[in-house]
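What you see below is based on every heavy atom in this structure, not just the backbone, and it leaves out hydrogens, waters and symmetry mates. In each ligand, atom 1 is the first atom listed, and ligand 1 is the first ligand listed. These figures come from a predicted structure and were not determined experimentally.
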Amino acid sequence: MNILITGGAGYIGSHVAKQLLETTSYNIIILDNLSTGSIKTLDTLKAIREFKFIQLDLKEFDEINNVLKENKINTIIHFAASIVVPESVENPLKYYMNNTVNTTNLIKCAVENNVSKFIFSSTAAVYGEPTNIPENGIDETYPTNPINPYGMSKLMSEKVLQDTASVNDDFKYVIFRYFNVAGADINYEDDKLTPRIGQSFPNATHLIKIVSECATGERDKMSIFGDDFDTKDGTGVRDYIHVDDLADAHIKAIKYLDNNISEIFNAGYGKGYSVKEVIEVAKKAANANFQVNITSRRAGDPAILISDNRKIKSKMSWTPKYEKLELICKSAYEWENRLGENIK
Ligand code: UD1
């Protein structure tokens, strides 16, 4: 099997590549334009097992077609995308071009080159700002209503995939709607948690990355964006999923499509933690303290986002291993430490 991973030098793509290199003998081809992906991550992956790396932007339509043809690709796992929500509001065309247009072209090339499986990174941002959250969280039938171009660019890509698969019997997809992905490679050296890869891109806006930067001393303080939400302690509640558990779902999706129809799955643990809880747990995990201010809400932040994950658990037999928030925070912190030591 020849698998193309777009965005394989990025955060989530590299964790999927790591697991494929470690646990399978599939032939792996990573495609990345290295705009946010890390060359050092690719070197780390090469130490696990050899693979082919192609530095190419997805907008190079003709070349993408050649890559699929020449490498006889039969499975695509597509991560490459722009992912910063506020940027998507300021520059929507960047998001519709990089995400929707480039994904559409990739799907077209895939069908024309007899690719049979397409695994796509979507996001809980397709649900927008959910109002009445069911007791078990948001399931895959919950109405989609993105409130920013990022979420819309992903939802439009989902539709292109669905419509294409509906008229091409030999082309199947799995769409994963990620909740809040966090943490880093669970790897122990001399009994010490020593992540080899993690979130490398600077200027991240995500909570656990920011908390980790505070814990290492790289950043001196942080803000909680609002403590007046209708939640347990007034701060926003999210469903944090460890990147290695998410990666495992992608590996399972490859086999899943051998005997099952195309499907959309939420990817989350179905358990919510508030911003205050995350900060407390992270401080403890890192044995660190830092200043935390309360500021006003960030535009477009829903109060609560928790997945109903019963579908992925039952249909894919997905059993998460790293659900403990402390381990998620600890791995993110240890990775941040290593970044500081220039293991970027
Ligand atoms: C963000 C995106 C979402 C995307 C997801 C994964 C926004 C509005 N949403 O989710 O569309 O699918 O990443 O890429 O950008 N927080 C603080 N202080 C901080 C940082 C965050 O209080 O310095 C709070 C936020 O208000 C939120 C929670 O922490 O309540 C999580 O925030 P974040 O990690 O940025 O993820 P989301 O906004 O949930």
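Look at Tyr127 and you'll find every heavy atom at least 4.0 Å from all atoms of ligand 1. Not a single heavy atom of Ile83 sits under 4.0 Å from any atom of ligand 1. Under a 4.0 Å heavy-atom criterion, Ala124 is not in contact with ligand 1.
In this structure, the protein non-hydrogen atom closest to atom 36 (O) of ligand 1 is Asn180 ND2, 3.0 Å. Here the heavy atom of the protein found nearest to atom 3 (C) of ligand 1 is Val85 CG2, 4.0 Å. Of all protein heavy atoms, the one closest to atom 18 (N) of ligand 1 is Ser223 O, 2.7 Å. Looking from atom 16 (N) of ligand 1 to the surrounding protein, the closest heavy atom is Phe225 CD1, 3.7 Å. In terms of protein heavy-atom proximity, atom 24 (C) of ligand 1 is nearest to Val275 CG2, 3.6 Å. Closest to atom 26 (O) of ligand 1 among all protein heavy atoms lies Asp301 OD2, 2.6 Å. Of the protein's heavy atoms, Arg298 NH2, 2.6 Å lies nearest to atom 38 (O) of ligand 1. Closest to atom 34 (O) of ligand 1, if we only count protein heavy atoms, is Leu207 N, 2.7 Å.
Within the listing of ligand 1, atoms 28 (C), 31 (C) sit less than 4.0 angstrom from a heavy atom of Tyr240. Ligand 1 places these atoms under 4.0 Å from at least one heavy atom of Ile224: 22 (O). Short contacts between ligand 1 and Gly236, defined as distances under 4.0 Å to a heavy atom of the residue, involve ligand atoms 30 (O). Close contacts between ligand 1 and Thr205 involve ligand atoms 20 (C), 35 (O) [criterion: under 4.0 Å to a heavy atom]. Near His206, meaning under 4.0 Å from one of its heavy atoms, ligand 1 places the atoms 1 (C), 6 (C), 13 (O), 14 (O), 34 (O), 35 (O).
Tyr11 and Val211 fall within a single hydrophobic cluster, where Ile, Leu, Val, Met, Phe, Trp and Tyr side chains are chained together by heavy-atom contacts under 4.5 Å.
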**Message:** Does Phe79 form a ring pair (Phe, Tyr, Trp, His ring centres under 6.0 Å) with Phe176? I'd like the steps, not just the answer.
**Reply:** CA-CA 11 Å; Phe79 297 99; Phe176 287 114; 9.3 Å; no
**Intermediate values then yes/no, side chain to side chain donor-acceptor pair (under 3.5 Å), Ser307 and Asp239** = CA-CA 7 Å; Ser307 70; Asp239 184 346; 2.8 Å; yes
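Taking a cutoff of 4.0 Å between a charged side-chain nitrogen and a carboxylate oxygen, Asp233 and Lys276 do not qualify as a salt bridge. A salt bridge between Glu22 and Arg49 is absent, with no side-chain N of the basic residue lying under 4.0 Å from a carboxylate O of the acidic one. We find that Lys172 and Glu263 are not joined by a salt bridge, their nearest charged nitrogen and carboxylate oxygen being 4.0 Å or further apart.
No close placement of the Tyr178 and Phe265 rings is indicated, their centers lying 6.0 Å or farther apart.
Between Phe51 and Leu45, the closest heavy-atom pair is CE2-CB, 3.6 Å. Looking at every heavy atom in both residues, His242 comes nearest to Ala184 through NE2-O, 3.0 Å. Nearest heavy atoms, Ala110 versus Ile76: CB-CD1, 3.9 Å. The heavy-atom pair separating Asn266 from Ile138 by the smallest distance is ND2-O, 2.7 Å.
The shortest N or O to N or O distance between Thr123 and ligand 1 is below 3.5 Å.
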